Amino acid sequence: MEELSARTSSALCYEDTYITVYFLCPAFLYQEYRDTSEQQEIEQRRQRDGLPPTGVVSPPVLQLQLRSTARSLSLWQNLDAVQNSGLLKSLPQREVILQEAMFELVTSEASYYKSLELLETHFLQNTLLINTLSQSDMHFLFSNIAEIMKASERFLMDLEHRIEESILISDVCDIVYHHAVNHFHVFISYVINQVYQEKNYRRILQENAVFRENMAILENQPKVRGLSFTSFLILPFQRITRLKLLVQNILKKVEESSDREKNAIMAHQELERIVKECNEGARKMSRTEELISIEKTLEFKSKSVPVISHSRWLLKKGELLQMSGPKSTRTMRSRKLYHPIYLFLFNNLLLITKRSSSGEKFQVLDSCCRSMLRTEDMEDQGQMLAFVFVLKLLENQEDRPVSYMLKSTSMSEKQRWIYALTPNRRTRFMSTSTHQPDSPQIQCIQSYSGQEPDELSVEMADVLLVLERTDDGWILGERLHDGERGWFPRRVVEDILSAEVRAQNLKECQRIQLAQGAPQASRGRRSAKSTLYSPTWIDQSEQEL
């Protein structure tokens with residue numbers, strides 16, 4: 001690590017045929033770098049859509065400092081060495097675009113390492129924290145971050161050595177593949193531990209007043225640039241996910257059937273495997289914690305149902321109103337017609353419960369296997385029957401059919417419940433995407449963190465297919481780069497108007513999907529099966545029933 005810190009610049013040597021350029025690490029911390037990069041993607045798409053700029057003022061996406069001139073650079077082609085070499089006159093535009101994509105991977109890694117160094121020097125090694133935390137709490141908060149830093153250091157040094165060879169970058173994906181296979185496994189342990197990391201950070205903040213005060217002091221110092229401590233803790237998962245997207249971007253641009261395409265495919269497959277293991281590990285830990293928490297609140301009226309299972313997880317929960325009694329005009333106006341019930345919907349089980357008077361326990365009234373659920377939407381029949389649907393249990397816990405007439409608080413809530421309860425082709429709200437160029441697409445312009453199990457967390461610049469829209473501002477979408485689906489508010493996205501842009505997005509998506517199915521050379525490891533660009537969709541939870 002000291003070697004890398006001492007080498008604050010990399011050289012692109014040029015004597016007759018080589019160019020010497022020294023550039024420092026980016027001025028941005030990685031959190032700022034990502035936001036700026038994503039904002040630039042949005043602005044480029046808006047320009048192609050013929051829309052006015054958003055008005056967001058942001059620095060260049062790749063702001064490097066030249067030691068020799070002390071001026072900022074934004075792109076590989078703007079480097080003095082590149083400008084003076086004459087390469088831009090002879091290189092095809094496609095190669096220039098590819099150089100920029102590879103250059104961004106290198107510079108973003110430098111920015112990421114800079115943020116890791118700040119996490120280490122400003123937080124991990126700071127006496128204000130060391131003196132107020134036990135050794136176990138330090139481990140809970142920082143996990144194996146030291147191994148993460150070593151992996152980034154080795155990776156960045158190899159990338160810098162490659163750049164030193166020539167101003168024209170030959171490839172970077174071979175380096176990515178080598179490090180993904182041999183060193184990036186440390187990301188998996190770190191991400192899986194994040195469930196306990198977040199939980200213990202909240203606990204320490206609540207219990208340790210001195211730590212809370214010292215953390216506030218550290219977060220307010222100028223070098224942190226207004227960023228929170230937690231924004232540094234989540235860097236490894238953000239980076240491994242972003243690295244996969246950067247390799248995807250290179251794969252879209254390399255020439256077909258070339259060595260560079262082969263390297264990009266192998267690197268992408270290995271990163272996809274790592275990201276998948278990170279996701280699955282973190283989800284498993286989180287889901288187990290959630291199941292344990294839910295089971296503690298349940299009280300079974302008759303037949304007990306075991307809730308905790310390795311193959312079970314929560315899909316949706318919430319309160320609805322059960323409608324009962326004669327449907328005369330008089331009773332329709334009576335509040336006695338509505339009885340609150342609380343639903344716990346798992347991937348393979350539905351529990352219908354009633355909240356206790358204390359609000360802390362739930363008495364289980366009925367249960368049913370999820371595959372035996374059916375829903376029926378009711379047309380608008382006035383205010384009293386607005387947002388109402390029928391839930392049918394073909395075979396409940398007593399082995400008999402039963403129906404529930406349920407009322408939600410909004411149209412979007414009703415649609416989300418119907419979609420969650422019966423996500424199959426018979427469901428009116430399951431609009432299976434045909435993935436045609438004229439299929440509606442949207443781009444995320446504001447990050448959103450999902451608040452419910454059926455919601456999708458989206459990041460700025462994410463491109464998604466629209467599967468369903470509600471009149472009150474919710475969208476069911478599928479993210480193109482990983483096939484994840486879920487609901488999110490309409491306000492955080494913007495329609496992609498250009499048919500050319502939509503067609504190009506699908507074309508690039510298809511190439512990534514095909515690459516995922518390609519055989520992986522040298523290691524013989526099967527790549528993770530991609531859900532991208534599938535003509536039809538079967539909910540993952542249905543596959544496991």
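Keep in mind it's a predicted model, so treat the numbers as computed, not measured.
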- Applying side-chain hydrogen bond (donor to acceptor under 3.5 Å, both in side chains), name anything that partners Thr230, two or more places apart in sequence or on another chain.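 Applying side-chain hydrogen bond (donor to acceptor under 3.5 Å, both in side chains) to Thr230 gives Ser228.
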- Query: What class does the angle between the rings of Phe184 and Phe155 fall in, given that below 30° is parallel, 30 to 60° is tilted and above 60° is perpendicular?
  - Reply: perpendicular
Please determine, by modelled atom types, if [X] and [Y] share a side-chain donor-acceptor pair under 3.5 angstrom.
X	Y	result
Tyr30	Gln238	no
Gln197	Tyr190	yes
Asn182	His178	yes
Gln443	Asp462	no
Glu508	Gln504	yes
Asn144	Ser189	no

- Taking the six-membered ring of Trp474 as reference, does the NZ or CZ atom of Arg416 fall below 6.0 Å from its centre and within a 45° cone about the axis? yes
Closest non-hydrogen atom pair between [X] and [Y], with its separation:
X	Y	value
Val172	Leu105	CG2-CD1, 4.4 Å
Leu128	Leu218	CD1-CD2, 3.9 Å
Glu289	Val195	CG-CG1, 4.5 Å
Cys173	Ile250	SG-CG2, 3.8 Å
Leu456	Gly477	CD2-O, 4.2 Å

- Message: Taking salt bridge (Lys or Arg N to Asp or Glu O under 4.0 Å) as the cut-off, I'd like each qualifying pair that reaches into residues 133-146, sequence neighbours left out, listed once.
- Response: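 As it turns out, the salt bridge (Lys or Arg N to Asp or Glu O under 4.0 Å) pairs with a partner in residues 133-146, which skip direct neighbours, are Asp137-Arg203.
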- Message: Enumerate the salt bridge (Lys or Arg N to Asp or Glu O under 4.0 Å) contacts for residues 84-99, please, sequence neighbours excluded, ordered by first and then second residue.
- Response: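 Sorted pair list: Glu95-Arg260.
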- Salt bridge between Asp495 and Arg469, side-chain N to carboxylate O under 4.0 Å?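 So Asp495 pairs with Arg469 through a salt bridge.
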